[in-house]
Amino acid sequence: MVTVNDPDNCGGCGIGCTGVQVCTRGSCQSSGACVAGTIACDGRCIDARSDSLHCGGCPGTACSVGKGCSAGSCVDLLQTDGGGPTCTGGGAPITVQSDAGTWCTGTIAQVTFRFGICACSDVKVTSGDLFTDAFDSTGRADAGLGASVGANGRFLADSFFDIGGSVWAGSASGAQNDSNSSRVRQDFWSHGPVSGGGSLAVSGDAHLNGDVQTQLSVGGKLYIPAGANVGGAVNAAGGVVRGPVAMGPPCDCSASQLIDIAGIVADGQAHNDNALLGLDSRVFENLPGPRRLDLPCGRYYLSRITPGFPGTIAVHGRTAIFIGGNLDTSRANFDVAIDPQGELDIFIGGTIINSTGMSLGNIESPAQLRVYVAGSPVDMSAPSKTAGNYYLPNSVFSSPSNLDLYGAIFAKSFEGQGAVHYDRGVLSAGSSCGGPPGGGCSSCRDCGNQACVGGKCGACTTSSECCAPLVCLGGLCQSQIN
């Protein structure tokens, strides 16, 4: 992961960027390629809010010993005793314990965040436009596809949408589109009829298990049941194929699939590295002033995060933080920064209340941050730089009008508008975890998204053996990127 933004080894050893180029997402590009929230500096795209070598700008200020960058200013560090786990190469992969047994956090992430947006009930595009696109923070260049949207309920739209991936509507009630000139850039799946007064263009195939009563243009084939009715405003360049159309729920929302966040937090409270570091679990309950906490790799428990002054946590390896209560920015901003070789999983027993502002994760590499929230409702209404993958199984995600998320959302339901820039790098988050656990498999989830064939993890032969929206290509279940 370090070669993703190292100007001397950009995308590989010995590949150096020249002149005013920056190394971003594994390739040398012009300084203008730095995404919003970052600036070009010393051959990299940096976040001047948290970079202790260039605090506040470029060149900015290099923070002195005992201080670190928080909200663009050098502030006092929260002192620890300097101990902690050994973090060679970023440290060992993090494992957590829940009702499903022991799992590596990287494997949990790559199985959980396969869609840009996934909802256990409905996805509603309303009050504004919805846009999704994709990239791969590990450096693989492509056309920006793979940012799919899945709903175990209905897909409903009364505002424009442009989905840079596939759309899956898992309800027998199907999908309804009342927006005009909307677009799905890959495939469209619906477990029921598709209706509405709008117009929709699907670049790939459409698999629709019911009548089609809307204006629909399909670049590939239209698959519908033998007895389904098709309105006159439907055109399929690849023709119409009549026969059974089958699909399962796209999002992992059954009781056996939902992540036991409360159980993981309880285990994190009981088993952590706080003592090795000399870390007080109450340190962020009421900061005495602006402060920054630097964490090495390991497992750490915090009672809650309710800073009275701006606070920052900077992570320097593979790390998990377990929070017993809320992450609450009602009184002051809170930031999380992650080194290029780091990754962070945050498990929150309460909820997120973001009414002042927060800056989480790395826009260059959203796959590094995964946030799992047990509580409800989740409030992310304040203006924020948000980069990460958010698991909110008990909360309706009502997107703020300024939503510009780099990462993914898994929620009870999704309602609103905005932009989601999906990082397909999360699909390889478990690469450091080793192979799937032993004992056979019952689904592709048990195989880290790969096919489960005859009770054993193996090569896929059809896309139906893959976890949606992944497709079978060359025996592997992977994201469709063209």
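No hydrogens, no waters, no symmetry mates; every other heavy atom, side chains included, goes into these values.
Counting only residues at least two apart or on different chains, the salt bridge (charged side-chain N to carboxylate O under 4.0 Å, His left out) pairs with a member in residues 154-170 are Asp122-Arg154, Asp162-Arg185. Residues in residues 447-459 take part in no salt bridge (charged side-chain N to carboxylate O under 4.0 Å, His left out) pair, two or more places apart or across chains.
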Stepwise side chain to side chain donor-acceptor pair (under 3.5 Å) test for Asn354 and Thr329: CA-CA 5 Å; Asn354 177 33; Thr329 69; 2.9 Å; yes

Derivation of the salt bridge (Lys or Arg N to Asp or Glu O under 4.0 Å) call for Arg49 and Asp335: CA-CA 9 Å; Arg49 289 179 55 87; Asp335 297 350; 2.8 Å; yes

Derivation of the side chain to side chain contact (heavy atoms under 4.5 Å, CB included) call for Arg318 and Gln341: CA-CA 8 Å; Arg318 295 189 180 98; Gln341 72 272 23; over 6 Å; no

Trace of the side chain to side chain contact (heavy atoms under 4.5 Å, CB included) decision for Ile338 with Leu369: CA-CA 8 Å; Ile338 308 173; Leu369 176 65; 3.9 Å; yes

Step-by-step side chain to side chain contact (heavy atoms under 4.5 Å, CB included) determination, Ile163 to Leu130: CA-CA 8 Å; Ile163 306 302; Leu130 178 65; 4.2 Å; yes

Side chain to side chain contact (heavy atoms under 4.5 Å, CB included) evaluation trace for Asp328 with Arg304: CA-CA 8 Å; Asp328 185 348; Arg304 59 181 59 87; over 6 Å; no

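Residues satisfying the salt bridge (charged side-chain N to carboxylate O under 4.0 Å, His left out) test with Asp379, not counting sequence neighbours, are none.
Checking side-chain atoms of Thr112 against main-chain N and O of Ala109 turns up no donor-acceptor pair under 3.5 Å. Judged by distance alone, with hydrogens and angles left aside, the side-chain atoms of Ser98 form no donor-acceptor pair with the main-chain N or O of Asp260 at under 3.5 Å. Looking only at distances, no side-chain donor or acceptor of Ser303 sits under 3.5 Å from a matching main-chain atom of Gly324. Counting only distance, with no hydrogens or angles, the side chain of Thr214 and the backbone of Leu216 share no donor-acceptor pair below 3.5 Å. Here the side chain of Glu364 pairs no donor or acceptor atom with the backbone of Cys45 at under 3.5 angstrom. Put simply, the side chain of Ser395 gets close to the backbone of Val378: a donor and an acceptor are under 3.5 Å apart. Under a 3.5 Å cut-off, the side chain of Asn272 and the backbone N or O of Tyr301 do not form any donor-acceptor pair. With Ser463 contributing its side chain and Cys472 its backbone, the two residues share a donor-acceptor pair below 3.5 Å. Distance alone, capped at 3.5 Å, is enough to place a donor-acceptor pair between the Ser443 side chain and the Arg445 backbone. When atom types are taken as modelled, the side chain of Gln110 and the backbone of Gly430 share a donor-acceptor pair closer than 3.5 angstrom.
By the SG-distance test at 2.5 Å, no disulfide connects Cys457 to Cys441. Sulfur atoms SG of Cys466 and Cys477 are positioned under 2.5 Å apart. Between Cys452 and Cys444, the gamma sulfurs sit at a distance of 2.5 angstrom or greater.
The shortest heavy-atom contact between Pro393 and Val373 is CD-O, 3.6 Å. The two residues Ile261 and Ile348 make their nearest non-hydrogen contact at CG2-O, 3.7 Å. When every heavy atom of Gly349 is checked against every heavy atom of Ala374, the shortest pair comes out as O-CB, 3.6 Å. Contact between Pro250 and Ala151 at its shortest, heavy atoms only, is CG-O, 3.6 Å.
Taking 4.5 Å as the limit, some side-chain heavy atom of Leu277 sits within range of a side-chain heavy atom of Pro296. At a threshold of 4.5 Å between non-hydrogen side-chain atoms, the residues Ile352 and Val371 count as touching. Looking only at side-chain heavy atoms (C-beta outward), Val96 and Thr105 come within less than 4.5 Å of each other. Within the 4.5 Å cutoff, no side-chain heavy atoms of Ile321 are placed close to those of Phe347. Inter-residue side-chain proximity for Asn180 and Phe160 is flagged as unmet; no heavy-atom pair is nearer than 4.5 Å. With a 4.5 Å cut-off on side-chain heavy atoms, Val420 and Val149 do not count as touching. Side-chain contact between Tyr422 and Leu427: present, with at least one pair of heavy atoms (C-beta onward) separated by less than 4.5 Å. In this structure, Asp133 and Phe131 have side chains that are in contact, with non-hydrogen atoms separated by less than 4.5 Å.
Using modelled atom types and a 3.5 Å distance limit, the side chains of Thr38 and Asp47 yield no donor-acceptor pair. Side chain to side chain, Asn394 and Ser376 fail the donor-acceptor criterion of an N or O pair below 3.5 Å. Using modelled atom types, one finds a donor on one side chain and an acceptor on the other under 3.5 Å when comparing Asp178 with Gln176. Side-chain contact of Ser179 with Ser182: a donor-acceptor pair under 3.5 Å is present, judged by distance alone.
The line from CD1 of Ile224 to CG of Leu208 is 8.0 Å long, rounded to the nearest 0.5 Å. Atom CZ of residue Phe188 and atom CH2 of residue Trp168 lie 12.0 Å apart, to the nearest 0.5 angstrom. Taking OG1 of Thr351 as the start and CG of Leu327 as the end, the distance is 9.0 Å to the nearest 0.5 Å. Note that OG1 of Thr80 and CG of Leu293 are 7.0 Å apart. Values are rounded to the nearest 0.5 Å. Residue Asp273 holds its CG atom at 8.0 Å from SG of Cys297, rounded to the nearest 0.5 Å. Considering CD of Gln368 and OG1 of Thr319, their distance stands at 11.0 Å, rounded to 0.5 Å.
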Side chains of residues 189-200: which donor-acceptor partners sit under 3.5 Å, not counting sequence neighbours?
| unit_1 | atom_1 | unit_2 | atom_2 | d |
| --- | --- | --- | --- | --- |
| Ser190 | OG | Gly192 | N | 3.3 |
| Ser190 | OG | Gly192 | O | 2.8 |
| Ser199 | OG | Ser181 | N | 2.7 |

For a quick test of your reading: what N or O donor-acceptor pairs under 3.5 Å do the side chains of residues 405-418 make, sequence neighbours left out?
| unit_1 | atom_1 | unit_2 | atom_2 | d |
| --- | --- | --- | --- | --- |
| Gln417 | NE2 | Ser399 | O | 3.2 |
| Gln417 | NE2 | Pro400 | O | 3.2 |

Listed pairs under 3.5 Å, donor-acceptor, residues 307-317 side chains, sequence neighbours left out:
| unit_1 | atom_1 | unit_2 | atom_2 | d |
| --- | --- | --- | --- | --- |
| Thr312 | OG1 | Ser70 | OG | 2.7 |
| His316 | ND1 | Asp339 | OD1 | 3.4 |
| His316 | ND1 | Asp339 | OD2 | 2.6 |
| His316 | NE2 | Asp294 | OD2 | 2.6 |

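Salt-bridge check for Arg299 with Asp267: passed, with a basic side-chain N closer than 4.0 Å to an acidic carboxylate O.
Between Tyr391 and Tyr372, the ring-plane angle classifies as tilted under the 30° and 60° cut-offs.
Aromatic ring centroids of Phe161 and Phe155 lie under 6.0 Å apart. In this structure, Phe334 has its ring center closer than 6.0 angstrom to the ring center of Phe284.
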